[in-house]
Structures are given as C-alpha cells and as structure tokens.
Peer 1: 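Can you keep this structure in mind? I'll have questions shortly.
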Amino acid sequence: MKERYDFRELEAKWQEEWEKNLLYKVTERGDKPKYYALEMFPYPSGNLHMGHVRNYSIGDVVARFKTMQGYNVLHPMGWDAFGLPAENAAIKHGNVHPSEWTWSNINNMRRQLKAMGISYDWAREVATCHPDYYKWTQWLFLLLFKNGLAYKKKAAVNWCPSCATVLANEQVVDGACERCDTIVEKKDLEQWFFKITAYADRLLDDLQKLPGWPEKVKIMQQNWIGRSTGVEFNFTVENTGEDIPVFTTRHDTVFGATYLVLAPEHPLVEKLTAGTPHEAKVREFVQRVRQLKEMERTSADTEKEGIFIGAYAINPMNGEQVPIWTANYVLMDYGTGAVMGVPAHDQRDLDFSRKYSLPVRIVVQPLGEQLDPETLVTAYDEEGFMVNSGQFNGLPSEEAKERIADHMEQQQIGRRRINFRLRDWLISRQRYWGAPIPIVYCQGCGAVPVPEKDLPVELPLKVEFKPTGDSPLTTNPDFLNTTCPTCGKPAKRETDTMDTFVDSSWYFLRYCSPDAPEVYDQAKANYWMNVDQYIGGVEHAILHLMYSRFFVKVLYDLDWLDYEEPFQNLLTQGMVLKDGGKMSKSKGNTVSPEEIIAKYGADTARLFILFAAPPERDLEWSDQGVEGCFRFLNRVWRLVYNYVPQLEGVSLYQDEELDVEARNLRRALHAGVKKITDDITQRFNFNTGISAIMEMVNALYHYKDQVPQEQQYLPLVKEGLWLLTHVLAPFAPHITEEMWQALGGSGSIHQRPWPKFDPAALVQDQVTIVVQINGKVRDRVQVPANLSASEMEQEVMSMDRVIRLLAGKEVVKVIPVPDKLLNIVVK
RNA sequence: GCGGGUGUGGCGGAACUGGCAUACGCGCUGGACUUAGGAUCCAGUGGGGCAACUCUUGGGAGUUCGAAUCUCCCCACCCGCACCA
C-alpha cells in the first residue's frame, strides 16, 4: 500500500501538471454548449481571506461540475486593482508607490489562488489598473459621453473628509463613508456623472427577467431605484403669483392639504421672505437645518421642525388659501422640493400639524368608520371613500385618484408623473489610483474628449500623495498641461479619476477576449455572455450589480452586445463566521487560508468550507470540522490504495449477477451518485452532496470489512472506486487526480464525463414499510416491493404486534402509501 | 416603522411534492489494536422512565388519517432600507 496521503507533494505536482498541459484553457467552440462561471474578482489587498476561499471554492465546483457535464466552461479570474488602500499605503509609508504595492499584492494573491487548485484559465487574467485594461474603461467613458450619458454638473455632493474625495450616493451608508465610517459632508462641486437615471425604468422592470437572482437582491435594487407614480401640480403663491410645483402619490387627498412645505434649500424660501418681518427668523432656521449633518437631517427619528414663512398659496383644486412653511423633513433633491401637507392621511404631516396646531381635515373615510379630525393620532393612509372633496365626494379613493389626475391634466393644473429615488451616478474621484477621466479642458472649446487614438490617458508615476482634497494628478505638470485635441492651444487635463466601480462594471466582458484590440471582441462576447452563474457576496447587491446591469444595457442599446442583462443566475454566498461573528482583523478572529492549506492541503480546506453549510448561508468556522474533512480524505485514500494492488488487471463491472451484499453496495453507490447529481444540479447544495459521498465511502468500507476478502467482487469494487473518485473530483481536485491515476485511469479525471447512475441498481425487491396506528409509528416490516394496497394491508394486519395493539379497537380507516407506509385509524 | 431571512440534539447541519424527525460530520462515552495514542477500527449517543411506554423541530392555535413542512396569531435573533411626499 502506498504510504500516507502526502497532500503537499501531490497538490504541488498536479498544479504544475495542469498548468503545463493548459488543462483549463478554453476557446469558443461549436460542439459543446457554453457555460460562463464567474466569481466576483477580488480587490488585491495582499492576502486571501476565508471569504475568498469560500467564494472561489463554490465557483470552482460549479465550473468543474459543468465541465464534466460536457459544457465548454469559461472560468476566469482577475483583479479589481484600482482603489484607495493602495494610495493610503503610499501616503502612510511614503516610499511605496500604489502601483508597486498593488502589483506585489496581485502576485502574492495569484500564488495563493493557484495553491487552492482552482480551475481558472489564467491566460484571461485582467487587472483593472493595467493600461491595457483602463484604456477601455476610458473608451467606455467616451462612449457614454458621446451618447449623452456622461455629463458634468455642479451639485451638492457627498464628501468624505477622511478619504478626501467625493462619494456616490450608493457609497454613503447611514450618512457615513462606506469605507471608513467618517461622517459625510455636503460640498458643492463640479463633477462627472453617468446618467443611470435614464435607465431607471428598465433597471427596475428587467429585474423580472431574472428568476435566477435571489429575491432579496432584487427587492434591494427595487427599493434603491424607488419608483413612485403620482402627479405633479402647481400651487400658486398668493399676491405674487409664483408657481410652486409639488409632487404627490396621494393626489386623492389633495382636498385635505391644509398647508404647504418647502425644503429649507428651496429658492422660494429666500425669495418670499426677503424684506418681510419673517426674514430674519426664517433665515436663522434655514441655516440651522442646513448645518446639520446629512444623517441627522434625514433620519426618521429626528423631530420634525419648521417655521411659517409668512406667505400663502392657493390650492388649485379648491381655490383654498394655505400657509407656506419650511421644514427640516422636506428634501430638496427629491420630487420638487415642495410638498403639500395632508395631516389626516400622512403620519409625518400629522405629527407636524399637531406640533404647530395646523388644521386637520379628513378627505378619505374608511368604510363603516368615521374618523374624527380632532382626535386622530394615527394618519389614515389606506383606501376609503372621498369626503370634503367637492365633485369627487363619494368615490372610492382609488378611483378618485384617476379622476383627479384626469381633471388636473384637462384643466392643465398638473400632470401625471413618475419619480425615482435613484440619482445619477457620480463617478469623479479626487484621487490618484484610478482610471483618469479622458477629458481635456480648453478655454476656447470647453470640455473636450480625448480622441480614441490617444487612449489610454496614462497615469503618471510621479505625483505627490497628499490628501489635500485635490487629485494628486494636479501635482504633475507634465500630466496636467496638454494641448486641446480640437484647436491645439494649451489646455489642462481633467485630474479626477473614475470611481473604481466603473472598472468593475464591465470586466466580465473583457474576460471574453482579454487581448482584443478593442473594448472586447463582439463575436466572442456574444458567444460567452451571459454569465450563467455569478457568485459573490451580498454586499454588492446594489452598487456593483446595478452598475454592471446599467453598462450592459447601454452596450446593448448601442449594438455592442446582444444581451441586456449581464448575470443570468446569481448566488450570494453567506459570510464566514468565527465564534458567532464575522471574521475580521479588528476582532482578531481571522483564520489564515494559507496556514490551513499548509497544514491540511487545499483539498481539505475546500471540502470543509463546502461541507459546513449550504453556500448562501453563513458558515461557522470550526477547526475540528476541518480536522474531520482531513480525516475523511485520508479515509478515502486508504480505501483506494488498499484496493489498488488487488484491482490490477480486474475489469470494470459489466452487468453480472450479484449476491445480496454486492447488490446492496451497488445500490448505495448509485443512490449516492444520484443524490450528488441532484444536489448540485437543482440547488447547489454541496454540503448534502458531500455527505452523500461520505455515505458512499461508508458503504465501500462496510463491504470491505464485512465481506470476506475472497468473496468480494472486485469488478464492482472497481466500479465503486471509479464512481467515488469522479463525484469527489470537483470538490477535491488534487487527491482525486492522484487516485484516478493509481486506479489505472487515463488522462485527467477533470476532463472525464460526470458519471450517470444506473436506475436498475436502485431497484429494491424488499422494502421497509412503516406501520402507524393513529399516525404514530408502531412498527416496521419488510415486505416485497410493489405490493398493492390490499396486499400491504393484509401483510400488516397479520403482524402479531398489530393484532395485539388493535385488540378491542374498531378500525375506522386504513391509509396506504405504497412501498412506504400504512396508517391504521382506530377508535 | 417597512421589507427579507433564520429558529430542528452538546455543536455545524439533514429531512426534495405533507408520510420513519435528527442523514452526514464534529463532540462525547465505552471497547479493540498498541510501549503509547492526539493514528486507525468497532459499538453507543435527543429528553424522561426499571419497563410497557411517552415527550420532543422558538411559543400558541388550526387544517389533516398524518405537520419541521400548509394556514393564522405571537416571540427571539440576523440582514437590508429608513422623513422619498
């Protein structure tokens, strides 16, 4: 028997062998269906963590399994390599350039990934910080620019003082920077935006085309896009006659408006108070509110506060005069920055009205109830029947909505309108380590796109890393100063770089043709896309996944791609926990993948992480669990090498007659293959798949130890070990390769077809039937399979135990479940 | 507050369309082999009871011959969103 399971030697050997033979290299081909398996590429922080190991182990099983099932599988890997940590390292240590830092991290992490034995086609590796890549990121910026989807505007933007850069709306979490938790400030800056709002409807509606996405992620995107349908109509300022447009989704309650509220930033607040006795107090209020941090301002817990500005407006529906207020709870950047206050039917308005003693008027009454405006504490925001609403009285509120909208449109008071919560995507970053925005500013010509032939606009190496709030690129005059591509006069380059989410919004397309002399080869992209299975953390539910969907839709519209959605199926893997909490450096509960691999090998690490929990659930790390998986692989190893000498020259099982023990073994083996296949195909339940493999191993051990050696049927054992190595191969690729070779297999096991189970082997001639009396299990009995209901009943009724238990009772009913169960109902 | 999820032995988790609850693994107990075992193998392992038996899937009700699974109410924890008019 071969010595022990020396995973160190064996894993290194096979990794080298696979690389030498280009085992995982793929090209487009017509003879097999394609399958694109993709895991979210990592930021090269320096070392793999367990979350990566889990992500890539899941992806590798999918890729290897699909390969064995006969698909032509694309399984690439790369690096999301631009971003702040590299630059912060440069600021902190002074002597290490972000480029150097990043590339050395990439080299280290590539080595770690290779040590995991994952089946990547490394020839397709991309790194977003490489000029060959960001050249095309810049090209895509220009494509959007030319199509009116990239524009510059001055806006109050989110500014992180610690990162010294602006942030996209999506990168602000609870009013703080998603990266460093610093409270975000508002700053008025000229910045570049992508017009993602132009795709709001499609980004929302097309979620329905993604049945292979988790409901949770779709709902998160849906909420983020936040479509609401309503009307926009004008109140008119009394005396001065200015229009104040308001947006509402509850136009059925328009007769219940008893006041109007403007956001503190609303231009009319200043205008209508100028020179009036209210001016000073209102200005003081507005300044106080504007000084509040974003978080305090927008939190629902913040007490509603406001002030009457001294003017009145006319409700166009009933000609009524209502006071105009300004208040902290109305936001300038949603809708029109002005809302009608309907206290009876909106809780916020009711709270506000009670505080400032504003009138409350019921205009929708629930069926069979009479709300009292004097005592109302909970606003009634459901459907009902119209009251106090002129010509609309008596209508159901839903119908009144339509009629009022019609009326407004006919009378040209207002119009139906859809509003989105989604904002345009702010992509400018005042940082160095990103793709430069390919724009030149010329005094005469304005913002001029860099011509395609001049791409990439390369990042200069020589800059100063100081977090000043200006891009470090401003410190390099050779970069900054250029000539206008249009008129040739001196001009300045844009010094901001792009948000790194731009880089990652299209990398899956570049993988299809990593060396293409254009953004990607259309034919190849159309061959490989969509990604059949995308796997990654749920933290990307909104940002990355929505931006990528946006990019793909733009490319689809511009005839660059035949597909409208990038990711057909999405699996969001759970976190890796230790001691009940997420593994993190600050908690000090991390486990190093590198150490685990050194101690037990990659096969054990992969097996454990797939066995410990289903992929979408959180996984509790257990050192003892790892130990158990290591023991299991050793157990498999001993089993195989115990038989290797005996199996020499033995042919594979071919349908011969088997004795009882052998038949039981064969049934267990084929039942195992069936279960693993189902578990992977139907729901990626690798944990139960692995448990089925363990049962196969247990069955083989049982046969080996319980049946005298001279009676063991070796052709069947050979079949068993063949099946075993094949189904284990996607999970533990190295050890199975080694054992396959030892068992006389030719070629790589990873290029073998996935085994089919033999339905004939599953047939049982005896089955165990559960005997229940009044639904309680009382006994079990062995009977021939396929008995009819009455035969079953006859068998059961003649059992001693059943006769005893039924003595003196009256049988009311007998419920038979063929080959499974018989329930006797008695009184 | 709204939305989504989870709740099963000492632990991680199984149970597919309602049909043997606790597969598989960890841990634990006992034994075998051994100079030794932290290697390996065998047996046992939800609770109560000497036993026949009985109780048990967060809690409570219901549907059903039969419920971890379906329906209703409640509780706990986790995640996401949160003044969006």
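Excluded from the calculations below are hydrogen atoms, water molecules and symmetry mates; all remaining heavy atoms, backbone and side chain alike, are included. The sequence lines fix the lettering, A, B, ..., with proteins before strands; numbering per chain opens at 1.
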Peer 1: For A:V330, which contact category applies under a 4.0 Å heavy-atom criterion: base, sugar-phosphate, or nothing?
Peer 2: base
Peer 1: Kindly indicate whether the side chain of A:D381, heavy atoms from C-beta on, has any atom under 4.5 Å from the side chain of A:D346.
Peer 2: no
Peer 1: Rounded to whole angstrom units, what separation is found between the CG atom of A:D333 and the P atom of B:rA85?
Peer 2: 13 Å
Peer 1: Quick one: A:F686 CZ to B:rA14 P, roughly how many Å, whole number?
Peer 2: 13 Å
Peer 1: Return the nearest nucleotide to the side chain of A:I219; candidates are B:rG13, B:rG4, B:rC20.
Peer 2: B:rG4
Peer 1: What nucleotide among B:rA85, B:rA14, B:rC24 has an atom nearest to a side-chain atom of A:F611?
Peer 2: B:rC24
Peer 1: Could you say whether A:Q772 or A:Q682 is positioned toward the 5' end of RNA chain B, judged by the nucleotide with the nearest heavy atom to each?
Peer 2: A:Q682
Peer 1: Just checking A:Q766: does its CD atom have more than 12 heavy atoms from other residues, nucleotides or ligands closer to it than 6.0 angstrom?
Peer 2: yes
Peer 1: Using atom C1' of each nucleotide, how far apart are B:rG3 and B:rG9 to the nearest Å?
Peer 2: 33 Å
Peer 1: Please name the pair of heavy atoms, one in A:L607 and one in A:F731, separated by the smallest distance, quoted to 0.1 Å.
Peer 2: CD1-CB, 3.9 Å
Peer 1: Picking from B:rC83, B:rC20, B:rA14, which would you name as closest to the side chain of A:N687?
Peer 2: B:rA14
Peer 1: Taking only side-chain N and O atoms of A:N685, does any of them lie within less than 4.0 angstrom of OP1 or OP2 on B:rG13?
Peer 2: no
Peer 1: Checking all strands, does A:N698 fall into the base, sugar-phosphate, or nothing category for heavy-atom contacts under 4.0 angstrom?
Peer 2: sugar-phosphate
Peer 1: What is the distance, to the nearest angstrom, from the NZ atom on A:K675 to the C1' atom on B:rA23?
Peer 2: 8 Å
Peer 1: Dot-bracket, RNA chain B: Watson-Crick or G-U, under 3.5 angstrom, [ ] crossing, | other strand?
Peer 2: (((((((..(((......[....)))((((((.......))))))(((....)))..(((((..]....))))))))))))....
Peer 1: Would you call A:E303 and A:K355 a salt bridge, taking side-chain N to carboxylate O under 4.0 Å as the test?
Peer 2: yes
Peer 1: Which part of the nucleic acid, if any, lies within reach of A:D618 when heavy atoms closer than 4.0 Å are counted: base, sugar-phosphate only, or nothing?
Peer 2: sugar-phosphate
Peer 1: Check whether the side chain of A:K304 and the base of B:rC83 form a donor-acceptor pair under 3.5 Å.
Peer 2: yes
Peer 1: For A:R683, which contact category applies under a 4.0 Å heavy-atom criterion: base, sugar-phosphate, or nothing?
Peer 2: sugar-phosphate
Peer 1: How far does the P atom of B:rG58 sit from the matching atom of B:rA15, given to the nearest Å?
Peer 2: 16 Å
Peer 1: Looking only at side-chain atoms of A:V777, point me to the closest of B:rC81, B:rA85, B:rC20.
Peer 2: B:rC20
Peer 1: Should A:N223 be listed as having a side-chain N or O under 4.0 Å from OP1 or OP2 of B:rC2?
Peer 2: no
Peer 1: Taking the P atom of each, how far is B:rG48 from B:rG10, in whole Å?
Peer 2: 10 Å
Peer 1: Which whole number of Å gives the distance between the P atom of B:rG47 and that of B:rU56?
Peer 2: 16 Å
Peer 1: Taking the six-membered ring where the residue is Trp, are the ring centres of A:F608 and A:Y600 under 6.0 Å apart?
Peer 2: no
Peer 1: Would A:F611 and A:F686 count as a close aromatic pair, with their ring centres under 6.0 Å?
Peer 2: no
Peer 1: Send over the distance from A:D623 CG to B:rG27 P, rounded to a whole Å.
Peer 2: 11 Å
Peer 1: Does A:G628 reach a base, just sugar-phosphate, or nothing at all? Heavy atoms under 4.0 Å.
Peer 2: sugar-phosphate
Peer 1: A:L821 has a side chain; which of B:rG19, B:rG13, B:rA15 sits nearest to it?
Peer 2: B:rG19
Peer 1: Between A:S228 and B:rA85, does any side-chain N or O lie under 4.0 Å from OP1 or OP2?
Peer 2: yes
Peer 1: Provide the distance between the two P atoms, one in B:rG59 and one in B:rA52, to the nearest whole Å.
Peer 2: 27 Å
Peer 1: Would you mind reading off the distance between A:M575 atom CE and B:rU6 atom P, rounded to a whole angstrom?
Peer 2: 15 Å
Peer 1: Where the side chain of A:R421 is defined as all heavy atoms beyond and including C-beta, which of B:rA15, B:rC81, B:rA85 is the nearest nucleotide?
Peer 2: B:rC81
Peer 1: Please say whether more than 12 non-hydrogen atoms of neighbouring residues, nucleotides or ligands are located less than 6.0 Å from CD in A:Q782.
Peer 2: yes
Peer 1: Of the candidate nucleotides B:rC20, B:rC79, B:rA14, which contains the atom at the shortest distance from the side chain of A:K216?
Peer 2: B:rC79
Peer 1: Could you tell me if A:R421 sits above the aromatic ring of A:Y334, with its cationic atom closer than 6.0 Å to the ring centre and no more than 45 degrees from the axis?
Peer 2: no
Peer 1: Take atom C1' in B:rU69 and the same atom in B:rA21, then report the distance between them in whole Å.
Peer 2: 11 Å
Peer 1: How about CG on A:D705, more than 12 heavy atoms from neighbouring residues, nucleotides or ligands closer than 6.0 Å, or not?
Peer 2: yes
Peer 1: If we take the P atom in both B:rC75 and B:rA82, what is their distance in whole Å?
Peer 2: 26 Å
Peer 1: So A:M340 and A:T253, side-chain contact (heavy atoms from CB on, under 4.5 Å) or not? Walk me through it.
Peer 2: CA-CA 10 Å; A:M340 59 177 194; A:T253 66; 3.7 Å; yes
Peer 1: What's the closest nucleotide to the A:Y334 side chain, out of B:rG12, B:rA85, B:rC24?
Peer 2: B:rA85
Peer 1: Quick check: on RNA chain B, is the nucleotide nearest A:V770 upstream (toward 5') of the one nearest A:R227, or the reverse? Name the residue that is more 5'.
Peer 2: A:V770
Peer 1: Calculate the interatomic distance between A:D346 atom CG and B:rC2 atom C1'; express it in whole Å.
Peer 2: 15 Å
Peer 1: Out of B:rA15, B:rG19, B:rC83, which has the shortest distance to the side chain of A:N823?
Peer 2: B:rG19
Peer 1: Quick check: closest heavy atoms across A:A692 and A:I676, and the distance to 0.1 Å?
Peer 2: CB-CG1, 3.8 Å
Peer 1: With respect to the side chain of A:I815, which nucleotide from B:rG19, B:rA23, B:rG13 is positioned closest?
Peer 2: B:rG19
Peer 1: Quick one: label A:P614 by what it contacts on the DNA or RNA (base, sugar-phosphate, nothing), any heavy atom closer than 4.0 Å.
Peer 2: sugar-phosphate
Peer 1: When the C1' atoms of B:rG60 and B:rG44 are compared, how many Å lie between them, rounded to an integer?
Peer 2: 37 Å
Peer 1: Syn or anti for B:rG60, with syn set at within 90° of 0?
Peer 2: anti
Peer 1: Do A:E305 and A:R288 meet the salt-bridge criterion of a basic N to acidic O distance under 4.0 Å?
Peer 2: yes
Peer 1: So if I define the base as every atom that isn't primed, P, OP1 or OP2, how would nucleotides 35-54 of chain B read as a B/S/- string at a heavy-atom cutoff under 4.0 Å?
Peer 2: -----SS-----------SS
Peer 1: So, are A:R361 and A:E320 salt-bridged, with charged N and O less than 4.0 Å apart?
Peer 2: yes
Peer 1: Scan A:T248 against the nucleic acid and name what it touches under 4.0 Å (heavy atoms): base, sugar-phosphate only, or nothing.
Peer 2: sugar-phosphate
Peer 1: In whole Å, what is the span from the CE atom of A:M220 to the P atom of B:rC78?
Peer 2: 17 Å
Peer 1: Let me know the distance between NE2 of A:H266 and C1' of B:rA85, rounded to the nearest Å.
Peer 2: 13 Å
